[in-house]
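We number each residue from 1, following the sequence as shown.
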Amino acid sequence: MDKLDAIFEKQKALDAFISDARHLENGAENGISSEWMQRKAIALLVELTEVLNEVNYKWWKNPKEIDANAVKEELVDVLHFFVSMCLSAGLTADELFARYAEKNKENVARQNGTSAKKGYAISDENK
């Protein structure tokens, strides 16, 4: 099992444990649950905000020393909710990887100006 598969398995087990222990209805028997996807997206946004809080985004405050371990911990929290959302959407580790690889290829093409989608190419003056 590769690392991404292991992350998906661990998150699936954690989600099931939380759901069982807290008697939660995930509502996803017939596909993606709008309510739970919204809840997880909000939690993901909160965790991203916690990353921002660790890296001095408030320009109106005196900067503090960045705690790299705290930043890494928040990023792991982001990953937990992201993977949980993937699972809720029926996305496997393999499908996520395949979709990422395809989108990455398109994003590179956009930056190189070789995509059908215009407006992204890096001009010579930006290089």
For this session: For Ser19 and Leu24, indicate whether the former's side chain and the latter's backbone hold a donor-acceptor pair under 3.5 Å.
Result: yes
Problem set entry | Side-chain H-bond candidate by donor/acceptor type, Gln11 with Asp15, under 3.5 Å | yes
For this session: For Thr114, enumerate each residue passing the side chain to side chain donor-acceptor pair (under 3.5 Å) test, keeping only those at least two apart in sequence or located in another chain.
Result: none
Exercise. Considering only heavy atoms from C-beta outward, does the side chain of His80 approach that of Val76 to under 4.5 Å?
Worked result: yes
Problem set entry | Interatomic distance, Phe97 atom CZ to Glu102 atom CD [nearest 0.5 angstrom] | 11.5 Å
Problem set entry | Whether over 12 other heavy atoms sit under 6.0 Å from Lys3 NZ | no
For this session: Could you tell me whether the side chain of Trp36 and the main chain of Met85 form a donor-acceptor pair under 3.5 Å?
Result: no
Exercise. Once you round to the nearest 0.5 Å, how far does OG1 of Thr92 lie from CG of Asp5?
Worked result: 8.0 Å
For this session: Answer yes if Val83 and Val46 sit in the same cluster of Ile, Leu, Val, Met, Phe, Trp and Tyr residues linked by side chain heavy atoms under 4.5 Å apart, and no otherwise.
Result: no
For this session: Check Leu87 against Lys12 and note the closest heavy-atom contact, atom names and distance.
Result: CD1-N, 3.5 Å
Problem set entry | Considering all heavy atoms, the nearest Ala121-Gly113 contact | CB-CA, 3.6 Å
Exercise. Pairs in or reaching into residues 40-67: which pass side chain to side chain donor-acceptor pair (under 3.5 Å), with residues at least two apart or in two chains?
Worked result: Lys40-Ser84, Lys40-Ser88
Exercise. Is Leu79 reachable from Met37 through a run of hydrophobic residues whose side-chain heavy atoms are each under 4.5 Å from the next?
Worked result: yes
For this session: Answer whether the closest heavy-atom distance between the side chains of Arg39 and Ile42 falls below 4.5 Å.
Result: no
Problem set entry | Student check: side-chain heavy atoms of Asp77 and Phe82 closer than 4.5 Å | no
For this session: Give, for atom CZ of Arg99 and atom CG of Asp94, the distance between the pair rounded to the nearest 0.5 Å.
Result: 13.0 Å
Problem set entry | Test log, rule side-chain contact (heavy atoms from CB on, under 4.5 Å), inputs Gln111 and Val108 | CA-CA 5 Å; Gln111 295 301 308; Val108 169; 5.9 Å; no
Exercise. Closest heavy-atom contact between Val78 and Val51?
Worked result: CG2-CG2, 4.3 Å
Exercise. Between Phe8 and Leu91, what is the shortest heavy-atom contact and its length?
Worked result: CE2-O, 3.2 Å
